[in-house]
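Input: a single structure, listed below in structure tokens.
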Amino acid sequence: MSSRWNDTAEDLAEAARLKAEKAAKRAAKAAQKAREEAATAEQKAAEEAAANAPPSKRQKTENYTQDDGELGTKEVRLMRFDGAEIGCCRHVEETYERLNHIEEGSYGIVSRAKDMHTGEIVALKRLKLERETDGFPITSLREVTTLMAARSHVNVVKLREVVMGDSLKDVYIVMDFIEHDLKTLLDSLPEPFLLSETKTLLLQLLSATDFLHDHWILHRDLKTSNLLLNNRGQLKLADFGLARYTSDPPPQLTQLVVTLWYRAPELLLGATTYGPEIDLWSVGCIFGELLTRTPLLQGKNEIDQLTKIFELLGVPTEETWPGFRRLPNSKSLTFPKSSATTGSLLRTKFPLLTKAGVELLAALLCYDPKTRISAEDALRHIFFKEEPRPKREEMLPTFPSKAGQEKRRRAFSPGAPVRGDAPKLEGVMEGVFGGEEEEVGAGFSLRMGR
Amino acid sequence: MVSLLTNPLATPTQLSTSPSFLDGVPSDLEASLLWASCTLIQSAGILLRLPQPTIATATILLQRFYLIRSFLSFPPLQSCHAALYLASKLTEHPIKPKKILAVTTYLTRVASPSPISPPGSPSSSSEEVDPESYYIEPTALHYSIQGLLNTETEILKALSFQTHCSLPYSLVVTYLQALDCLEKPVVKKAMAYLNDALVSNCRVYLTHQPNALAVAAIYLAAREEGKKLPEEWWMVFDADREDLGFLCVAILGVEEEVRRRREEWSGVGGVWLKEEVEREVKRRGGE
């Protein structure tokens with residue numbers, strides 16, 4: 001059996017070789033002919049060029065290719081990128097020793113583990129697949145594919161591999177273990193970060209965000225508890241549970257993404273197509289949170305979140321956000337037109353921030369997604385160039401490693417939305433009117449019914 | 001950025017001693033089963049109205065899968081289902097397992113223009129086909145869906161979740177643009193050659209990076225359309241002459257190969273299930 005196979009392979013190889021030789025000969029002949037033709041064309045062009053006084057640009061390029069052709073014998077170095085190898089998942093029990101439990105969310109359980117071969121400490125995230133009826137969940141597929149695509153970036157938590165247990169429902173994502181998350185850290189710090197430190201953190205976050213957007217990935221759940229910090233001052237973006245690839249023009253996407261406090265107004269108003277801008281709104285909220293140590297906009301529900309946004313930034317108008325009235329949920333809201341309610345309070349909320357700082361914050365928290373600053377532009381913002389300059393990563397303070405053996409104390413923060421139908425604002429309205437929140441509302445009111 | 005342009009490739013050992021080969025599946029049968037599976041995915045993808053990138057992704061996933069797993073442990077039909085299902089999710093065009101099963105059942109039971117069609121002449125109107133002939137029993141459907149879902153995870157496991165597939169289609173357009181030769185007939189031909197290459201016996205999507213595939217497809221298309229391209233233009237796109245020669249031969253060989261396989265396939269009458277693969281291994285082993 002094997003000998004027969006060998007014969008076939010050799011025959012095939014031989015035939016392929018012969019054919020390739022023939023093809024190469026033919027190609028060489030064609031090339032020769034092309035060269036001759038190019039030479040005559042070149043001559044003609046030269047004559048023409050001599051006739052018309054200023055030589056055209058086109059002629060220059062022809063000259064160039066001609067020269068190149070003659071030097072064709074010299075060594076040409078081609079770029080080669082080695083892809084990974086194709087191979088099976090390793091077994092979790094044979095590779096990692098579980099040390100302690102870190103946290104549990106709706107997505108799965110994270111524990112700290114040790115690589116038995118290298119001794120390195122890793123974070124092991126077990127996916128919850130028991131209840132899945134549609135096979136491997138598309139959200140987890142997106143998480144793994146986007147993390148893999150972004151793993152080369154220094155500010156994205158590094159996905160090491162995916163390992164499996166005995167059953168097909170036992171899937172673990174293995175990532176670098178990072179000591180702190182920014183949320184817990186902010187809560188435990190006696191003082192907020194210095195402005196120079198804030199700048200460093202923000203730059204790292206923007207750098208990761210820019211990388212993702214450049215690779216057509218939306219994170220869709222940026223918040224301080226998803227930002228990890230190691231003891232070398234490196235910020236690492238984590239939890240890609242809601243991330244996905246996007247395209248231009250953007251596909252139909254669910255608006256039920258991003259934790260409420262960090263959710264952009266276009267999502268709250270029900271936009272079904274959106275782009276990387278939603279991540280930059282979240283970056284704006286994180287910026288505010290880094291400065292004050294408390295989340296910037298803590299809404300109780302979708303309506304309250306909008307109220308909080310309008311209180312801080314003023315009610316949007318046709319000028320500040322063209323076309324926002326056409327968004328699905330804005331039909332159930334009435335906005336007052338008086339100018340008293342349209343001013344932004346950012347300046348008063350952050351009295352110690354420089355003009356450039358407020359500008360950047362306002363550019364990130366810009367109502368109109370089209371004019372909201374991009375990650376790339378934000379990285380180049382003047383705020384990062386003025387004093388105090390961003391501190392070097394290594395110079396960031398280190399903290400007693402709370403993770404590891406100790407169980408973390410977690411402050412309340414709403415979770416990322418779970419899959420399902422996006423809530424309509426109409427549904428929430430009754431609750432709003434029944435409660436007291438309504439009184440505190442900004443200068444807009446809800447129109448009952450339609 | 002590099003990772004987005006590269007694919008994980010098969011090693012020579014993986015190609016020469018595949019798990020199916022080690023399991024005693026004759027190499028020609030393995031090649032035949034791979035061809036039939038890729039063709040089934042292509043035909044089913046068309047009927048499911050899936051975009052070609054999704055179909056190509058499914059094909060590549062299947063080819064990678066059988067580098068790691070044997071046809072005797074994972075029969076072709078179920079793997080085709082799972083590969084299509086997984087690719088539909090990965091490329092954000094999700095479809096229901098039931099739809100995939102309906103389409104493959106139709107393709108494997110009713111005569112059609114597809115190269116893997118069972119013997120018989122395709123009927124011109126749908127009314128002539130007895131719907132009973134491609135009806136799936138509810139219990140059978142349930143088990144098939146379970147099989148599909150399990151095989152999906154098996155594929156992910158076998159590939160270490162490295163599901164990223166860079167495709168050469170968009171590169172063709174970019175390259176032709178750079179060559180100042182973006183003309184419809186050339187683009188169409190080049191795309192067609194890329195689709196041909198998916199079912200090639202040489203599994204070129206496992207041995208070459210997308211840039212080389214795009215260059216080969218453009219080379220063949222331009223030659224056929226009589227378009228002159230600059231001398232040694234493929235160098236600019238990081239492909240060397242040797243690879244180009246090999247790929248051209250491989251892609252041009254597909255036509256002949258399909259003719260041969262089609263004949264062979266109509267003789268054996270479909271080898272899709274575990275029992276059928278075992279039967280065929282025995283029959284060929286005994287020859």
Side-chain angles (χ1 to χ4, degrees), chain A residues 1-2 4-5 8-9 12 15-16 19-24 27 30-31 34-35 37-38 65 68-69 72 76 78-90 129 132-138 141-142 144-145 148-149 151-152 161-164 168-169 171 173 214-215 244-245 247 251, chain B residues 1-11 14 16 21 24 26-28 64 67-68 82 85-86 89-90 92 94 97 148-150 152-154 156-164 201-202 206 209 219 223 228-232 235 238-242 244-246 248-250 252-253 285:
Chain A
M1 201 157 37
S2 70
R4 201 177 72 172
W5 181 83
T8 349
L12 268 178
K19 273 191 189 169
E21 261 176 26
K22 229 185 234 172
R35 212 176 292 143
E37 268 174 19
T65 29
D68 227 9
V76 185
L78 301 177
M79 282 230 272
R80 295 273 166 196
F81 303 121
D82 289 325
E85 279 191 12
I86 303 168
C88 187
C89 278
R90 299 202 284 175
L129 301 177
E132 293 301 332
T133 49
D134 293 330
F136 201 80
I138 192 164
L141 275 179
R142 287 173 182 160
V144 174
T145 47
M148 276 192 179
R151 66 171 149 192
S152 62
E161 61 176 333
V162 182
V163 292
M164 292 191 61
L168 286 179
K169 299 275 182 196
V171 181
I173 298 180
D214 203 34
H215 286 68
R244 65 162 282 172
Y245 277 104
S247 57
Chain B
M1 212 54 199
V2 168
S3 69
L4 290 184
L5 290 174
T6 47
N7 277 325
L9 295 183
T11 62
Q14 278 176 327
S16 59
F21 174 72
S27 286
D28 191 53
R64 287 187 196 167
L67 277 185
I68 309 295
Y85 186 54
L86 183 56
K89 284 189 201 171
L90 287 169
E92 303 287 349
L148 179 156
L149 297 179
N150 285 338
E152 183 199 23
T153 314
E154 289 287 358
L156 288 168
K157 185 179 178 181
L159 305 184
S160 291
F161 286 77
Q162 292 216 22
T163 49
H164 175 76
N201 182 29
C202 303
L206 298 189
Q209 294 294 358
Y219 180 86
R223 203 182 58 172
K228 280 267 172 302
L229 295 177
E231 197 182 323
E232 302 213 308
M235 296 279 198
D238 297 309
D240 66 20
R241 168 173 262 140
E242 210 166 305
L244 178 61
F246 172 80
C248 287
V249 172
L252 287 177

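What you are looking at is a predicted structure, and each value in this text was computed from that prediction instead of being measured. In what follows, chains are A, B, ... by sequence order, proteins preceding strands, each numbered from 1.
- Between B:K157 and A:C88 there is a side-chain heavy-atom pair separated by less than 4.5 Å.
- Residues passing the side-chain hydrogen bond (donor to acceptor under 3.5 Å, both in side chains) test with B:E154, sequence neighbours excluded: none.
- Both the backbone and the side chain of B:L156 come within less than 4.5 Å of a heavy atom of chain A.
- Taking the six-membered ring for Trp and the full ring otherwise, the centers of B:F161 and A:F136 sit less than 6.0 Å from each other.
- Only the side chain of A:R142 comes within less than 4.5 Å of a heavy atom in chain B; its backbone stays farther off.
- Only the backbone of A:T133 comes within less than 4.5 Å of a heavy atom of chain B; no side-chain atom from C-beta onward does.
- Looking at A:V163, there are no atoms closer than 4.5 Å to chain B (heavy atoms on both sides), in backbone or side chain.
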key: Criterion salt bridge (charged side-chain N to carboxylate O under 4.0 Å, His left out) on A:K169 and A:E132, from CA distance to verdict   = CA-CA 9 Å; A:K169 299 275 182 196; A:E132 293 301 332; over 6 Å; no

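- Counting heavy atoms from C-beta outward, B:E232 and B:R241 have side chains that approach closer than 4.5 Å.
- Only the side chain of B:E92 comes within contact range of chain A, with heavy atoms under 4.5 Å apart.
- Counting only heavy atoms from C-beta outward, the side chains of A:V162 and B:S160 never approach each other to under 4.5 Å.
- Both the backbone and the side chain of B:L159 come within less than 4.5 Å of a heavy atom of chain A.
- When the candidates B:L86, B:D240, B:L67, B:T163 are compared by the number of heavy-atom contacts under 4.5 Å with chain A, B:D240 comes out ahead.
- Chain A forms more heavy-atom pairs under 4.5 Å with one residue of B:A250, B:A82, B:A239 than with any other, namely B:A239.
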